[in-house]
Amino acid sequence: MSVDYEALKKDRAQEWRENLRKSIPAKERTQVERVKMPENEPLKRNKNFNEVNKGLSEEQAIIEAKRCLDCPTPTCISGCPVNIDIPGFIKQIEKGDFLESAKVLKDTNALPAVCGRVCPQENQCELQCIYNKMKKPSVAIGHLERFASDYERNTGKISIPEVLKSNNIKIAVIGSGPSGLTFAGEMCKLGYEVTIFEALHEFGGVLVYGIPEFRLPKKIVRAEINSLEKMGVKFVKNFIVGRSAGLDELKDQGFQGFFVGSGAGLPRFMNVPGENLVNIYSSNEYLTRVNLMKAYKFPEYDTPIIKAKRVAVIGGGNTAMDSVRTAKRLGADRGAIIIYRRSEQEMPARIEEVHHAKEEGIEFLILTNPVEYIGDSEGKVKQIKVQKMELGKPDESGRRRPQPIPGSEYLIDIDIVVVGIGTSPNPLIPQTIKGIDVTRWGTLVVNEETMQTSIPYIFAGGDIVRGGATVILAMGDGTKAAESAHKYFINK
Amino acid sequence: MYKVIEKTILSENVAKLIIENKTIAKNRKPGQFVIIKMGEIGERIPLTIADADPEKGTITIIVQKVGTSSHKLFNLNAGDHISDLVGPLGQPTEVEKVGTVIAAGGGVGVAPLYPIAKAFKEAGNKLITILAARTKDLIILENEMKEFSDEFMIMTDDGSYGKKGLITAGIEEIINREKVDMVICLGPAIMMKFIALLTRKHNIHTIASLNTIMVDGTGMCGACRVTVGGKTKFVCVDGPEFNAHEVDFDEMLKRLNAYKKEEETSYSKYLKDLK
């Protein structure tokens, strides 16, 4: 999506914005220290599923908002996949108009309360912030985004974006994860009749089955979905496109356009001996049981999860961090360990997640890789044989390739293993849409500019295209796809 | 919400439920299953579709109460609602004309066997049906299966009905008597394991439909994984039917017991709360 710099300039030139800028000299603004997110105490929070970050107070938010210099050419926006008017929403906070600030966020972002929590801002908007050039910590854009959207939700005065009159074009969205929700919101605003089909019994995709309560409370996802419902998006659950009904059947029902946001639902395993032993989970299963099925409340809830004292999680991404911190909360007090084959520097997880994990007592076994799982007589895993690794020359990802050190194998006693090394695209859609182009990795082929697949009326985004990325990149895809789908229907 | 249209008690612990769901009724094929979840606290459990009526928009499932979720389902009555029902899931049975086919079903495994056996008969095969259970009361769908079978046999462990003995004895009797081209088996994993051992000895192609632990049922979690021919397969998307001679039943049996303790905890709590 392109940034409309002209419109931004006009907004910036408004009298109140100018007065606000002049009220405090830039130099004074840059002297203010970056706010610190209030957090629950590590050794208490690692025993419950309450949210770790508490959110900024009104005072903290206003002070932080003052740090933003309201640059004439705001570079931060170029770092945001959905191009939020960042200075625009921050200056509303400085002014004290928090509800208006939330409105600005919602202009381009259907899920601000989610993004304010799970976006890797340090690699996106905050990385582009002018403060980096001054060798100072950037404005806490993510914390402020969270603040404004939480404020709006907590006051109950939730603004619903304006929706154009219906154009009677029916659009089906496959999957209710971040890309599908974003696409649906944007299309709805433009007057399309949008229906989202979800395979599971709850809406939100990875936001509800994958990301734990302590990082993203489910009630926040539900509130954002309620807003979309109020805008007019229809939600159908327990419906698997390609199984419950095929694409042709939906076309017969009048759907003219489709967006595939079915995610990367297939867990990867390492294919090492013993990987199918009892108590070896994929991170998808472990997290789905706990988050979606609420197994942490077993037996109050019916879905069980094995609670164990010693848990090893294989992998170094955000999902691995979510899994290991979940294990700790479920009582892994004799060891909740990350086993990762490269060094900490190469870990794909967000710095904040690694930092939080360490505070909570997670152990990191880096440059180590499992080579075999050993079970007891009941077929339950009891030990992992691991091998030490060293870093060689960089591989195609630019990271130094880990190589095994011969003869370095040793055994670790363990009760549960969670394999969190990534996922592959869900094969259901590529298998059931005749003639759609698929890459050799199983992802859908799209035109990167338009997010259009090889079938012109089918658009796609998120992990079914990317293979395994972030919430905000999926949302960016949804925005881009909506823009081009709209063009497609106008020119049709 | 999906309405229970009709309930029939088949035996002390087994009930047949006819449930409203137009899309599944229309699109399901033999061998496929659904996932059911009952209420906010319910778990997701897989159940094979026993029958469907596309005109009425209903599907039939048969449930045996063995734990919390199956007991909850068993306790439903006509007019009650199921909060979540999704399907049809899994690969449909590959039905073909091969000659003589034995359909072997144990316990409530007979329910999902019913549409598969029927399809094989309709494809022009000679169909020999063998139903087995611990005791007479646990034999289900006897008349329904008899109706389209060329030959029909019942085996009970205690001899209270039909012949006394295990299902493998019945199968072996037929194999020794005439040429059998294929065996389809459905029932407890331990039963399917021994059928597979028997038919491997006689080199008869055998299909087993596996009922493993599942969570989402769409390939997302991998709880249902089994080793087939040395490779990891997901029952929910690659199955539920596999070449029985390639299935690692010992591994599957262990994985089925993964939550034994938790299941007992949950069930005793449920029974206590019922009172």
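Letters A, B, ... mirror the listed sequences (proteins, then strands); counts begin at 1.
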Report summary line: Given B/Gly217, B/Ser69, B/Gly42, B/Ala258, the one with more heavy-atom pairs under 4.5 angstrom with chain A than any other is B/Gly42

Query raised in the report: What part of A/Tyr286 is in contact with chain B, defined as an atom under 4.5 angstrom from a non-hydrogen atom: side chain, backbone, both or neither?
Result: neither

Query raised in the report: Backbone N or O of A/Gly204 within a donor-acceptor pair of the A/Ser176 side chain at under 3.5 Å?
Result: yes

Query raised in the report: Taking only heavy atoms into account, what residues of residues 244-251 of chain A are found under 4.5 Å from chain B?
Result: A/Ser244, A/Ala245, A/Glu249

Query - Among the listed options B/Met38, B/Glu251, B/Gln32, the residue most often paired with chain A at heavy-atom distances under 4.5 Å - result: B/Glu251

Query raised in the report: What pair of heavy atoms forms the shortest contact from A/Ser323 to A/Ser283, and how long is it?
Result: OG-CB, 3.5 Å

**Report entry** Contacting region of B/Leu85 [heavy-atom separation from chain A under 4.5 Å]
**Finding:** backbone

Report summary line: Under 4.5 Å to a heavy atom of chain A? For B/Asp84 that would be both

Query raised in the report: A/Thr423 and A/Pro267: which non-hydrogen atoms are nearest, and at how many Å?
Result: CG2-CA, 4.0 Å

Report task. Would you tell me whether B/Thr23 and B/Asn21 have side-chain atoms, one donor and one acceptor, within less than 3.5 Å of each other? Result -> yes

Query raised in the report: What part of B/Leu256 gets closer than 4.5 Å to chain A, counting heavy atoms only: side chain, backbone, both or neither?
Result: neither

Report summary line: Minimal heavy-atom distance between B/Thr212 and B/Pro46, with the atoms involved, is O-CG, 3.8 Å

Query - Exercise: do A/Asn276 and B/Thr232 side chains pair donor with acceptor under 3.5 Å - result: yes

Requested in this report: Please check if the distance between the ring centroids of A/Phe197 and A/Phe255 is under 6.0 Å.
Outcome: yes

Requested in this report: With sequence neighbours left out, write down each residue that passes ring pair (Phe, Tyr, Trp, His ring centres under 6.0 Å) with A/Tyr296, or none if nothing qualifies.
Outcome: A/Phe49

Query raised in the report: For B/Arg28, is it the side chain, the backbone, both or neither that has a heavy atom under 4.5 Å from a heavy atom of chain A?
Result: neither

Report summary line: Among residues 300-312 of chain A, residues within the sub-4.5 Å heavy-atom range of chain B, in order of number, are A/Glu300, A/Tyr301, A/Asp302, A/Thr303, A/Pro304, A/Ile305, A/Ile306

Query - chain B contact via A/Ser262 - which portion, at a heavy-atom distance below 4.5 Å - result: neither

**Report entry** Residue selection (most heavy-atom pairs with chain B, distance under 4.5 Å) from A/Met293, A/Glu378, A/Arg243
**Finding:** A/Arg243

Report summary line: Taking every heavy atom of B/Leu186 against every heavy atom of B/Ser209, the minimum-distance pair comes out as CG-CB, 3.5 Å

Query raised in the report: Would you say the side chains of B/Asp216 and B/Thr218 form a donor-acceptor pair under 3.5 Å?
Result: yes

Query raised in the report: Considering only heavy atoms, which portion of B/Lys261 lies under 4.5 Å from any heavy atom of chain A: side chain, backbone, both, or neither?
Result: neither

Requested in this report: Can you tell which part of B/Ser266 gets under 4.5 Å to a heavy atom of chain A, answering side chain, backbone, both or neither?
Outcome: both

Query raised in the report: Do you know which of B/Arg225, B/Lys26, B/Arg255 has the most heavy-atom pairs with chain A at a distance under 4.5 angstrom?
Result: B/Arg225

Report summary line: Whatever's closer than 4.5 Å to a heavy atom in chain B on A/Asn426 counts as side chain

**Report entry** Inter- and intrachain pairs under ring-ring contact (aromatic ring centres under 6.0 Å, His included), touching residues 65-86 of chain B, at least two apart
**Finding:** B/His71-B/Tyr267, B/His71-B/Tyr270

Report summary line: When every non-hydrogen atom of B/Phe249 is compared with those of B/Ala196, the smallest separation belongs to CE1-CB, 4.0 Å

Query - Considering all heavy atoms, the nearest A/Pro425-A/Thr443 contact - result: CG-CG2, 3.3 Å

Query raised in the report: Taking atom CG of B/Asn257 and atom NZ of A/Lys380, what is their separation to the nearest 0.5 Å?
Result: 8.5 Å

Report task. For each of A/Ile280, A/Leu292, A/Leu428, tally heavy-atom pairs with chain B at distances under 4.5 Å, and name the one with the top tally. Result -> A/Ile280

Query raised in the report: Thinking salt bridges, do B/Lys254 and B/Asp250 make one under a 4.0 Å N-O criterion?
Result: no

Query raised in the report: Between B/Lys231 and chain A, which part of the residue has a heavy atom less than 4.5 Å away: side chain, backbone, both or neither?
Result: neither

Query raised in the report: Any side-chain heavy atom of B/Ile82 within less than 4.5 Å of one from B/Leu73?
Result: yes

**Report entry** Straight-line distance of A/Tyr209 OH to A/His201 NE2, nearest 0.5 Å
**Finding:** 13.5 Å

Report summary line: Of A/Ala264, A/Pro299, A/Ser424, the largest count of non-hydrogen pairs under 4.5 angstrom with chain B goes to A/Pro299

